[in-house]
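Each remark here refers to the structure printed beneath this line.
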Amino acid sequence: MESSLVKDNPLLLPLNKEKTVYDGFITVQERDFRMRILLPADRQLKGAKLHCSWQLKHLLRGYEHIVKQVNSEQAFSMSLQEVGLKSRPVCRAISPPQYYSQLMSEMEALGWDKLLFIDTEFRTLRLKVEDSSGRQHILTIKLKSKHPAEAPECSADLPVPLALTWTPQSTLQQLHSQFVLVLESLTEFWDVLDEIDSQTWILEPEKPSRADTMRRIAIGNNMSIKVEVDPRHPKMLPECFLLGAENMVTPLRNKLNANMHLWNPNSSVLHNLRDVLEITFPSPATHEKSDFSVDCGICYSYRLEAAIPDQVCNDPRCGQPFHQACLYEWLRALPSSRQSFNIVFGECPYCSKPITVKMAAQKS
């Protein structure tokens with residue numbers, strides 16, 4: 001019998017003159033695997049034995065019936081190729097040559113120095129962009145197969161939806177220019193938050209992104225203020241929420257309400273907060289962050305997933321902070337506690353003074 005194993009796959013070679021033992025490599029899922037085929041005396045594949053690595057066995061799992069049913073060397077080779085095609089992820093069809101020439105031409109016009117990443121299919125690009133304040137940004141572009149006739153998908157780390165216009169005549173350079181204008185429209189917003197980040201201790205978020213509009217700023221031990229800055233009007237009075245023991249928070253809340261008319265939109269948010277609250281915020285120059293990172297009195301940790309202790313005992317002699325979820329579960333388990341709607345009333349685990357907590361918000 002003429003051996004088509006050698007003809008169809010030159011990487012499988014006979015080891016004996018009877019041509020009943022073949023050894024070599026075969027490519028499956030773009031990877032080369034060592035394998036050996038032992039044929040019976042009649043050299044029929046129906047009774048052949050296959051020896052291979054566990055990785056190839058893993059790929060063949062579930063396809064044994066395909067391999068066992070073949071009765072020719074050519075069919076055997078094709079069956080392995082079929083396994084490889086079925087096992088691999090669905091690949092996109094190769095784009096026509098004009099797609100790649102168009103892309104290369106656009107990148108030449110834009111400048112290769114702006115390209116941070118491109119995937120192996122030449123569909124996903126990440127462009128680095130610097131705004132007028134020297135901040136680095138990344139624009140992710142996912143091109144469609146009919147580029148430039150189809151609009152690409154664009155995304156970036158922004159506090160507002162990214163809306164870029166595209167026509168069949170548009171180019172990556174024009175897309176880049178539009179993105180620069182979007183960045184410039186948000187420069188004042190990032191200036192406001194950069195000042196807060198550099199001159200105060202931020203409790204949340206732990207690692208702010210360029211899309212985050214909220215900052216929880218430390219005021220003192222177990223006391224903070226959460227501000228939500230409007231990206232479109234960053235210097236206007238933001239939404240403010242004071243956190244801490246009521247005996248400490250109430251005076252500040254009264255000052256905020258009484259001095260709200262003093263807010264000057266021509267000054268920075270941080271400067272206005274200092275004037276309206278009549279306080280000086282602790283800063284990295286004057287305090288350590290550990291001064292404000294007090295562990296929860298129930299679970300003895302600072303961070304519980306993304307949450308930090310924000311429930312504080314109102315007794316000034318205690319002032320122990322707790323995670324909202326920890327305090328809620330603790331009080332709910334005590335027979336002496338009582339619940340009204342989503343609020344639990346009970347006693348502080350440390351000083352036994354009255355304490356309340358709202359039910360922790362359920363995650364969607």
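The structure displayed is predicted, hence computed values, not measured ones.
- Scored by the ring-ring contact (aromatic ring centres under 6.0 Å, His included) test, Phe122 finds Tyr100 as partners (sequence neighbours excluded).
- Side chain of Thr200 to backbone of Ile202: no donor-acceptor contact under 3.5 angstrom is found.
- The main-chain N or O of Lys358 is never found under 3.5 Å from a side-chain atom of Tyr328 such that the two would form a donor-acceptor pair.
- Judged by distance alone, the side chain of Asp230 and the main-chain N or O of Pro234 form no donor-acceptor pair under 3.5 Å.
- To the nearest 0.5 Å, atom CD of residue Gln178 and atom CG of residue Leu183 are 12.0 Å apart.
- Among residue pairs with one or both ends in residues 332-350, those qualifying as salt bridge (Lys or Arg N to Asp or Glu O under 4.0 Å) are Glu329-Arg332; sequence neighbours excluded.
- Looking at residues two or more places apart in sequence or on another chain, you find a side-chain contact (heavy atoms from CB on, under 4.5 Å) between Glu18 and Asn16, Thr20.
- Considering only heavy atoms from C-beta on, Tyr99 stays 4.5 Å or farther from Ser145 through its side chain.
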Report, one line per pair, each donor and acceptor closer than 3.5 Å where one atom sits in a side chain of residues 254-262; sequence neighbours left out.
{"from": "Asn254", "atom 1": "ND2", "to": "Thr250", "atom 2": "O", "distance (Å)": "3.3"}
{"from": "Asn257", "atom 1": "ND2", "to": "Arg253", "atom 2": "O", "distance (Å)": "3.2"}
{"from": "Asn259", "atom 1": "ND2", "to": "Lys255", "atom 2": "O", "distance (Å)": "3.4"}
{"from": "Asn259", "atom 1": "ND2", "to": "Val276", "atom 2": "O", "distance (Å)": "2.9"}
{"from": "Asn259", "atom 1": "ND2", "to": "Glu278", "atom 2": "OE2", "distance (Å)": "3.0"}
{"from": "His261", "atom 1": "ND1", "to": "Ala258", "atom 2": "O", "distance (Å)": "3.1"}

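- Within the structure, the salt bridge (Lys or Arg N to Asp or Glu O under 4.0 Å) test picks out the following pairs touching residues 191-200 (sequence neighbours left out): Arg135-Asp191, Arg135-Asp194, Asp194-Arg210, Asp197-Arg215.
- In this structure, a donor-acceptor pair under 3.5 Å is absent between the side chains of Ser283 and Gln199.
- How far CG of Asp113 is from CE of Met107: 8.0 Å, rounded to the nearest 0.5 Å.
- Side-chain contact check for Ile141 versus Glu153: every heavy-atom pair is 4.5 Å or farther apart.
- Taking Ile, Leu, Val, Met, Phe, Trp and Tyr as hydrophobic and joining them when side-chain heavy atoms fall under 4.5 Å apart, one finds Leu243 in a cluster with Phe241.
- A heavy-atom distance below 4.5 Å is not found between the side chains of Val312 and Phe322.
- Looking at residues two or more places apart in sequence or on another chain, you find a salt bridge (charged side-chain N to carboxylate O under 4.0 Å, His left out) between Glu204 and Arg216.
- Checked against ring-ring contact (aromatic ring centres under 6.0 Å, His included), His323 has no partners two or more places apart in sequence or in another chain.
- Ring centroid separation for the pair Trp263 and His271 does not come in under the 6.0 Å cut-off.
- Distance CG/Leu327 to OG1/Thr356: 8.5 Å, rounded to 0.5 Å.
- Residues Glu106 and Gln102 have side chains that bring a donor and an acceptor to within less than 3.5 angstrom of each other.
- The shortest side-chain heavy-atom distance between Ile217 and Ser224 does not fall under the 4.5 Å cut-off.
- Residues that satisfy the ring-ring contact (aromatic ring centres under 6.0 Å, His included) test with Trp190, not counting sequence neighbours, are His137.
- Residue Ile343 belongs to a hydrophobic cluster whose other members are Phe345, with links defined by side-chain heavy atoms closer than 4.5 Å.
- Considering only residues two or more places apart in sequence or on other chains, Gln320 meets the side-chain hydrogen bond (donor to acceptor under 3.5 Å, both in side chains) condition with none of them.
- A side-chain donor-acceptor contact under 3.5 Å links Glu130 and Gln136.
- Think of Ile138 as one node in a network of Ile, Leu, Val, Met, Phe, Trp and Tyr side chains linked at under 4.5 Å; its network also takes in Leu116.
- A donor-acceptor pair under 3.5 Å is absent between the side-chain atoms of Asp212 and the main chain of Met214, judged by distance alone.
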